[in-house]
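These notes concern the structure reproduced below.
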Amino acid sequence: MAEVIIVENKEAAGALVAAEIVALIDGRPDAVLGLATGSTPLPVYEALRPLVADRDVSQVRGFALDEYVGIDPAHPESYRSVITREVVEPLGLDPQRIHVPNGAEETIPHAGEDYEQAIAAAGGVDLQILGIGTDGHIGFNEPGSSFASRTRVKTLTEQTRIDNARFFDSIDDVPMHCITQGLGTILAARHLVLLAFGESKAAAVAAAVEGPLSASLPGSAIQLHPHATVVVDEAAASQLAQADYYRYTFANKPAWQGI
Ligand code: F6R
C-alpha cells in the first residue's frame, strides 16, 4: 500500500517533496519529473525554487499530466501556460525538455500516442507528482477510467468543471474535454507522490488509500504501485481509518529510507 505521511501544513508537504526531488536530481541530473497542475502542487514548486537556485537543472526533463482540449495554449489557464508560469520559468528549467500533452483539435486523434512515445523515449517518469480531484480523479482520469488506460481524451465530469471554474471567468469557459495520461501511464512512473490538502479532499484520499480497488475510485489505482507516497495535511487525512498507524510509522521511520 501507499506510505501515508501526515504533515502539519502545505508548506511542510512542499518542503518534504521538494527535498526528495532535489535528491533525485542530484543523483540523476536529467531526471524525468511528472508534473501536476492545479493548486495542490504549488507548495512543492515554491519550495523547489531556493533549492534549485544553486543547482544545474538544465538537463531536467518533465511531462505534465494533462491539458484541456481545444484551449489556446496561450490562454493563461491552459496547462501549457500554467506549467510555464509555475514550474519552467521560476525553476529555470529548459522549456524544450518540458512536455505538455497537445490539446489542439487538429492533432488530437494521435496526440495520446505521440505523448506515450515521448515518455517512452525519455525512459519513463522517475517521480510523478499527483493531486486528486474531489471526485477521486488523478490526472484527469475521471471515475470509470480503466486502470490500464494510456494517454487519451476524456470528458471532464460536471464536478471537475465546477471545481475548476475558479480558474476561469465562468463554468461555461471550462473546457469539456481533456487529454490526460492514463492510469496505466501514471502507474508506470517509478515513484508516485500524491498530495492533498483540506477537508474537501478527505473522502477522495480515504478512497484512494484505503478503499477497494475500483475504476469508480481512480485514485485507488495507486494501491497497485510498489512505491507510492501520499502526503496530506490533517484535514485531508481526517477520513483515514489508519491515520494513527501512519503517524506512528512515519515517526519511527529510519532517516536513510527517504520517502
Ligand atoms: C492536474 C490534475 C488533476 C488535479 C486535481 C486536483 O494536472 O491532473 O488531477 O491534480 O484536479 O486539483 P487541485 O490541486 O487544483 O485541487
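It should be emphasised that the depicted structure is a prediction, and the values quoted were computed from it without experimental measurement. Side-chain atoms are counted along with the backbone in the values below, which use heavy atoms only and exclude waters and symmetry mates. Whatever order the structure lists ligands and atoms in, that order sets their numbers, starting from 1.
Under the ring pair (Phe, Tyr, Trp, His ring centres under 6.0 Å) criterion, no residue pair touches residues 240-259, with sequence neighbours excluded. Applying the salt bridge (Lys or Arg N to Asp or Glu O under 4.0 Å) test to residues at least two apart or on different chains, the pairs with a partner in residues 235-253 are Glu3-Lys253, Glu234-Arg247, Asp244-Arg247.
With sequence neighbours left out, the ring-ring contact (aromatic ring centres under 6.0 Å, His included) criterion links His99 to Phe63.
For ligand 1, the 4.0 Å heavy-atom shell takes in Ala36, Thr37, Gly38, Ser39, Thr40, Leu65, Asp66, Gly131, Ile132, Gly133, His137, Gly139, Arg166, Lys201, ordered by chain and residue number.
Using a cutoff of 4.0 Å between basic side-chain nitrogens and carboxylate oxygens, Glu142 and Lys154 are not scored as salt-bridged. Taking the charged nitrogens against the carboxylate oxygens, Asp30 and Arg61 do have a contact shorter than 4.0 Å, which makes a salt bridge.
When the options Tyr68, Phe168, Phe167 are evaluated for a ring-ring contact (aromatic ring centres under 6.0 Å, His included) with His75, the one that passes is Phe168.
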